[in-house]
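Residue numbering restarts at 1 for every chain, and letters A, B, ... go by the order of the sequence lines. Values below: all heavy atoms of this structure, side chains included; hydrogens, waters and symmetry mates excluded.
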Number of protein chains: 2
Amino acid sequence: MTTTDWLEELRGERPDLGRASTAGRVADVLRTRITEGHLRPGTRLSEEDIGAALGVSRNTLREAFRLLGHERLLVHEFNRGVFVRRLTVDDVRDLYQVRRILECGAVRRLAERLASAAAPSPTADLLAPVGAAVEEGESAAAQGAWVAVGTANMNFHQAVADLAQSPRVTEAMDHLLAELRLVFHVMDAPQAFHATYLPENRAILELLEAGDLAAAESAIATYLDAAEAQLVEAYAAAAARG
Amino acid sequence: MTTTDWLEELRGERPDLGRASTAGRVADVLRTRITEGHLRPGTRLSEEDIGAALGVSRNTLREAFRLLGHERLLVHEFNRGVFVRRLTVDDVRDLYQVRRILECGAVRRLAERLASAAAPSPTADLLAPVGAAVEEGESAAAQGAWVAVGTANMNFHQAVADLAQSPRVTEAMDHLLAELRLVFHVMDAPQAFHATYLPENRAILELLEAGDLAAAESAIATYLDAAEAQLVEAYAAAAARG
DNA sequence: GCGTGAAGGATTGTTCAACAATCCGTCAAT
DNA sequence: ATTGACGGATTGTTGAACAATCCTTCACGC
């Protein structure tokens, strides 16, 4: 192992060091509680109450709110406070519109990169995260761990977007999926929703492994269309009830 | 005009009402100075100095910094302060990677929407902003207003991305172009750079108007490849000098 | 000369307290 | 039922204070 390897490894741990910010840690705590559904959409987050509960000052808490606001998990209404975001049906449609562009675009860019390199199919290490997510989902389903099935499904699509090998696409997809979690917790049975699409994930993986990226892209598109339709219907019904 | 029309119009003015925040206005001021090149990349923004100059407290200024940090115009280094972002060559490549996905994706989504509606070509009002940006650029070039040529070019690509009719894509493209402005100000002659591509913009517009969206998408892709190559070369040279 | 380490100043991180501005619910009046 | 005024509660913003950290300088020893 050379010196530059050492340094390169250390670079990877730099983000952990920067985590010392109090506001960042507060944001982490709130983010988890939101994405895991303990804080329902529409809930108002009182500066005083939460500040007292977490033992941080209002100013620091405000910085945490800003962080989550830009991730679209919170909305900030002037002179009224911050609320856990409540997504409209139009928001859900838009999220899937962006997913179509991002996920299909990632596969398409990968295809063009392979074409210019005269490679027949993606290398195994590129697809490793995708395959891992597929198996993670299947084994979770076998054990009946439905929550884990949901996160595995998210990991799968995150891995697909990561095929673009673009830090900005990765981050955008990360935020996008966090937003989508807001929707899932309003539904009745998000478990069944995710389990439905496990076979499709494997089919997409196999198309990617076979190097038929055009078919994979098209499979993702139809997957997203179906998921959007099902989700919009279920969400509209849930929203109508309250 | 019915009552609901009135109300719908008013909804569009809601964002203007929320603009009363001091931190938001401070962020606006700083954003302009950064994107217009008055604050060079790498510059450190002292909390005390800027707070005194703008007449706001450190806490408020911090909120403004946080806002711009999430737009990637500023970088925040713990215990060291905030700096105007200095983009690496890899950042430039990534920005163009995302542009390819977003702009081409927007056209592609538009094509699929037209196909499902059995429409031969996009409606005129959809392409109006694109056409306006093209003419804006050409008339600015005729008058030698090179700065205006640059903004017109940005408007063109923003308009292309807006074809996706997705609020999130619009916002992402907005932030992306703001980031790119950081690069242009480091170059020697950004004017000539933008002027080169005026004819291409018109060609893309005509392909869109003709309804040949596949050709338009491919034209955008080659445009972006060329622009990226030229920009990366110029930027690397400028970065090497200092 | 050169790398090491300590002292000092400057800047940021965080908290606290205070006041102004704004919103929300209540209640009375028309 | 709508309007208008009042009062409590919450947020917006400020200023000051202290701890933690970084950067510079300078002296020291090899």
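Residue contacts for Gly51(A): at a heavy-atom cut-off of 4.0 Å it reaches no nucleic acid atom on any strand shown.
OP1 or OP2 of dT13(D) has at least one side-chain nitrogen or oxygen of Thr22(B) nearer than 4.0 Å. Within the structure, a side-chain polar atom (N or O) of His76(B) is placed less than 4.0 Å from OP1 or OP2 of dG13(C). A close approach under 4.0 Å does not occur between any side-chain nitrogen or oxygen of Arg80(B) and OP1 or OP2 of dT11(C). Using a 4.0 Å cut-off, no side-chain N or O of Arg58(B) falls inside it from OP1 or OP2 of dT14(D). A sub-4.0 Å separation between OP1 or OP2 of dT11(C) and a side-chain N or O of Ser46(B) is absent.
Electrostatic pairing of Glu77(B) and Arg44(B) does not count as a salt bridge here, judged by no charged N lying under 4.0 Å from a carboxylate O. A salt bridge links Arg93(A) with Asp90(A); the closest basic N to acidic carboxylate O contact falls under 4.0 Å. Between Arg62(B) and Glu63(A), at least one side-chain nitrogen of the basic residue sits less than 4.0 Å from a carboxylate oxygen of the acidic one, meeting the salt-bridge criterion.
Remark: Arg181(A) fails to qualify as a cation-pi partner of Phe184(A) under the 6.0 Å distance and 45° angle criteria applied to the six-membered ring.
Sparse packing is recorded around CD of Glu233(B), with 12 or fewer heavy atoms of other residues, nucleotides or ligands lying under 6.0 Å away.
What separates CZ of Phe78(B) from C1' of dT21(D) is a distance of 9 Å, to the nearest Å. When rounded to the nearest whole Å, the span between CZ of Arg62(A) and C1' of dT15(C) equals 14 Å. In this entry the distance linking CG of Leu74(B) with P of dT12(C) reads 13 Å, nearest Å. In this structure, the CG atom of Leu45(B) is 14 Å from the C1' atom of dT11(C), given to the nearest Å. Summarising the geometry, the separation between CG on Leu61(A) and C1' on dT13(D) is reported as 16 Å, rounded to the nearest angstrom. In this structure, the CD atom of Glu77(A) is 11 Å from the P atom of dC23(C), given to the nearest Å. Per the geometry, CD belonging to Glu47(A) stands 16 Å off P belonging to dT22(C), to the nearest Å. Arg44(A) places its CZ atom 18 Å from the P atom of dT22(C), with the value rounded to the nearest Å.
Between Asn79(A) and Asn59(A), it is Asn59(A) whose nearest contact on DNA chain C lies nearer the 5' terminus.
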